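Heads up, the thing below is written out as structure tokens.
Only a predicted model underlies this, so the values are computations on that prediction, with no experimental measurement involved.
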Amino acid sequence: QVQLVESGGGKVQAGESLRLSCVASGRIYSQNTLGWYRQAPGKQRELVALISNWGGTRYADSLNGRFTISRDINKNTVYLQMNRLKPEDTAVYYCWFKNYSASGDYWGQGTQIIVAS
């Protein structure tokens, strides 16, 4: 089992920045991927960004470079730096984790971000 605890959500004005954090604990193998998804009201959950244990990253095309994902391997923590936030970024953001050599994946409880126009 892997537990994920997110922090850093809140309400901001359009154009401002926020940083999310997610700490993973439990059965974490050396090869894994951490990431962020989001779900806006009335929409399906969608990928935001992923980062592997070796630092490879993947981003949603729609972000246009506004978000940056990073991780601290020693702390099993992933970060999402979100700049120039827009009202359409309003959603619940979920941390996600998967060990490469094990089935199943894990989700955090979600953290709400509201971007006011």
Side-chain angles (χ1 to χ4, degrees):
Q1 287 285 357
V2 174
Q3 295 77 42
L4 303 171
V5 179
E6 302 121 330
S7 61
K11 184 177 181 179
V12 296
Q13 296 295 314
E16 294 184 341
S17 299
L18 272 178
R19 189 176 83 152
L20 302 181
S21 300
C22 173
V23 180
S25 61
R27 184 166 290 187
I28 298 171
Y29 298 165
S30 58
Q31 294 186 326
N32 60 72
T33 296
L34 273 164
W36 295 94
Y37 285 74
R38 67 185 181 185
Q39 187 166 18
K43 295 187 177 181
Q44 290 188 328
R45 194 171 296 188
E46 63 177 3
L47 170 71
V48 177
L50 302 173
I51 185 167
S52 66
N53 58 285
W54 51 270
T57 58
R58 174 185 171 188
Y59 293 92
D61 292 338
S62 60
L63 297 177
N64 293 320
R66 296 184 297 117
F67 292 7
T68 302
I69 191 170
S70 60
R71 67 186 290 174
D72 184 328
I73 291 290
N74 294 326
K75 296 181 180 179
N76 289 322
T77 301
V78 63
Y79 305 98
L80 185 67
Q81 178 65 43
M82 302 179 291
N83 298 328
R84 303 192 306 279
L85 283 161
K86 302 176 180 180
E88 50 264 43
D89 294 318
T90 294
V92 177
Y93 285 69
Y94 295 92
C95 185
W96 177 85
F97 174 89
K98 180 169 174 56
N99 283 311
Y100 286 157
S101 59
S103 61
D105 53 8
Y106 299 89
W107 295 90
Q109 79 283 0
T111 186
Q112 175 77 58
I113 292 178
I114 298 173
V115 184
S117 57

Given side-chain contact (heavy atoms from CB on, under 4.5 Å), test Arg71 with Ile69 step by step and report yes or no.
CA-CA 7 Å; Arg71 67 186 290 174; Ile69 191 170; over 6 Å; no
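- With contacts defined as side-chain heavy-atom distances shorter than 4.5 Å, the pair Leu47/Arg58 qualifies.
- No side-chain heavy atom of Asn53 sits under 4.5 Å from any side-chain heavy atom of Ser30.
- In terms of heavy-atom proximity, Ala14 sits nearest to Ser117 at CB-CA, 4.3 Å.
- Separating the CD atom in Gln81 from the CG atom in Leu18 is a distance of 8.5 Å, to the nearest 0.5 Å.
- The aromatic rings of Tyr106 and Phe97 sit tilted relative to each other, their planes meeting at an angle between 30° and 60°.
- Classification of the Tyr93-Phe67 ring pair by plane angle, with boundaries at 30° and 60°, yields tilted.
- Here the closest non-hydrogen pair linking Gln3 and Gln1 is NE2-CB, 3.6 Å.
- Rounding to the nearest 0.5 Å places CG of Leu34 at 7.5 Å from CG of Asn76.
- For the atom pair OG (Ser103) and NZ (Lys98), the distance works out to 6.5 Å, reported to the nearest 0.5 Å.
- Linking Ile, Leu, Val, Met, Phe, Trp and Tyr whenever their side-chain heavy atoms come within less than 4.5 Å leaves Leu80 and Tyr94 in two separate clusters.
- Asn99 places a side-chain N or O within 3.5 Å of a backbone atom of Arg27 that can act as its donor or acceptor partner.
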Candidate pair Asn32 and Val2, rule side-chain contact (heavy atoms from CB on, under 4.5 Å), full reasoning
CA-CA 12 Å; Asn32 60 72; Val2 174; over 6 Å; no
Checking Leu4 against Gln109 for the side-chain contact (heavy atoms from CB on, under 4.5 Å) test, could you report, in this order, the C-alpha distance in whole Å, the side-chain angles of both residues, the deciding distance, and whether it holds?
CA-CA 8 Å; Leu4 303 171; Gln109 79 283 0; 5.9 Å; no
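- The cationic group of Arg45 lies under 6.0 Å from the six-membered ring centre of Trp107 and within 45° of the ring axis, placing it in a cation-pi geometry.
- Rounding to the nearest 0.5 Å places CD1 of Ile113 at 4.0 Å from CG of Leu20.
- Remark: Glu88 CD to Arg38 CZ distance equals 8.5 Å, nearest 0.5 Å.
- Taken together through direct or relayed side-chain contacts under 4.5 Å among Ile, Leu, Val, Met, Phe, Trp and Tyr, Met82 and Tyr37 form parts of separate hydrophobic clusters.
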Show your working on side-chain contact (heavy atoms from CB on, under 4.5 Å) between Arg84 and Lys86 and close with a plain yes or no.
CA-CA 6 Å; Arg84 303 192 306 279; Lys86 302 176 180 180; 6.0 Å; no
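- No donor-acceptor distance shorter than 3.5 angstrom exists from the side chain of Gln13 to the backbone of Val115, with no hydrogens or angles considered.
- Residues Tyr79 and Asp72 form a side-chain contact, since some pair of their non-hydrogen atoms from C-beta on lies under 4.5 Å apart.
- Note: Ile51 CD1 to Trp36 CH2 = 12.5 Å, rounded to the nearest 0.5 Å.
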